[in-house]
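For the single chain, residues carry numbers from 1 onward in sequence order.
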Amino acid sequence: MIKINQIFSNLILYSFFVLITISNSAFAESVSYIDADGSSKTAEATALTSGVTAWESGWYFVKETVDTDMRA
């Protein structure tokens, strides 16, 4: 019984670690935009929200008003 509890505890700990370390890119959406040459393009981008506390590599887009202390 102790071994089952230990395995279950380790599984919960591992799952928690994975959820914490998922990057913003895991939540990317396909976003259309107009490039500098005027052509329509699509990119995978992360929605910028007040909950984003650090910039990761990649594209971001804004859907609504966002208050942030981060420099863009």
Side-chain angles (χ1 to χ4, degrees):
M1 185 65 145
I2 292 175
K3 187 167 182 132
I4 292 174
N5 287 341
Q6 185 178 17
I7 292 171
F8 185 68
S9 296
N10 288 341
L11 181 62
I12 289 174
L13 254 157
Y14 177 74
S15 299
F16 183 70
F17 177 75
V18 169
L19 287 175
I20 288 175
T21 57
I22 292 176
S23 70
N24 287 334
S25 61
F27 303 106
E29 298 178 33
S30 185
V31 178
S32 297
Y33 68 97
I34 304 297
D35 201 354
D37 64 6
S39 61
S40 181
K41 305 259 175 129
T42 303
E44 293 297 310
T46 301
L48 182 62
T49 64
S50 299
V52 175
T53 58
W55 294 111
E56 307 250 346
S57 63
W59 290 76
Y60 287 84
F61 70 97
V62 178
K63 282 186 177 180
E64 56 193 47
T65 302
V66 176
D67 293 324
T68 182
D69 293 332
M70 294 188 327
R71 210 172 160 175

Taking atom CG of Leu48 and atom CH2 of Trp59, what is their separation to the nearest 0.5 Å?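 Interatomic distance, Leu48 CG to Trp59 CH2, rounded to 0.5 Å: 14.5 Å.
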Calculate, to the nearest 0.5 Å, the distance between atoms OH and CZ belonging to Tyr33 and Phe61 respectively.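 Result: 14.0 Å between the selected atoms.
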Applying side-chain hydrogen bond (donor to acceptor under 3.5 Å, both in side chains), name anything that partners Ser30, two or more places apart in sequence or on another chain.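 Scan of Ser30 (side-chain hydrogen bond (donor to acceptor under 3.5 Å, both in side chains), adjacent residues dropped) gives none.
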Apply side-chain hydrogen bond (donor to acceptor under 3.5 Å, both in side chains) to Asp67 and list each qualifying residue two or more places apart in sequence or on a separate chain.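 Residues passing side-chain hydrogen bond (donor to acceptor under 3.5 Å, both in side chains) with Asp67: none at all.
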Validation row: Ser39, Ile34 side chains within 4.5 angstrom (heavy atoms):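 No; the side chains remain at least 4.5 Å from each other.
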Qualifying salt bridge (Lys or Arg N to Asp or Glu O under 4.0 Å) pairs with a residue from residues 36-52, counting only residues at least two apart or across chains: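 Only Asp35-Lys41 qualify under salt bridge (Lys or Arg N to Asp or Glu O under 4.0 Å).
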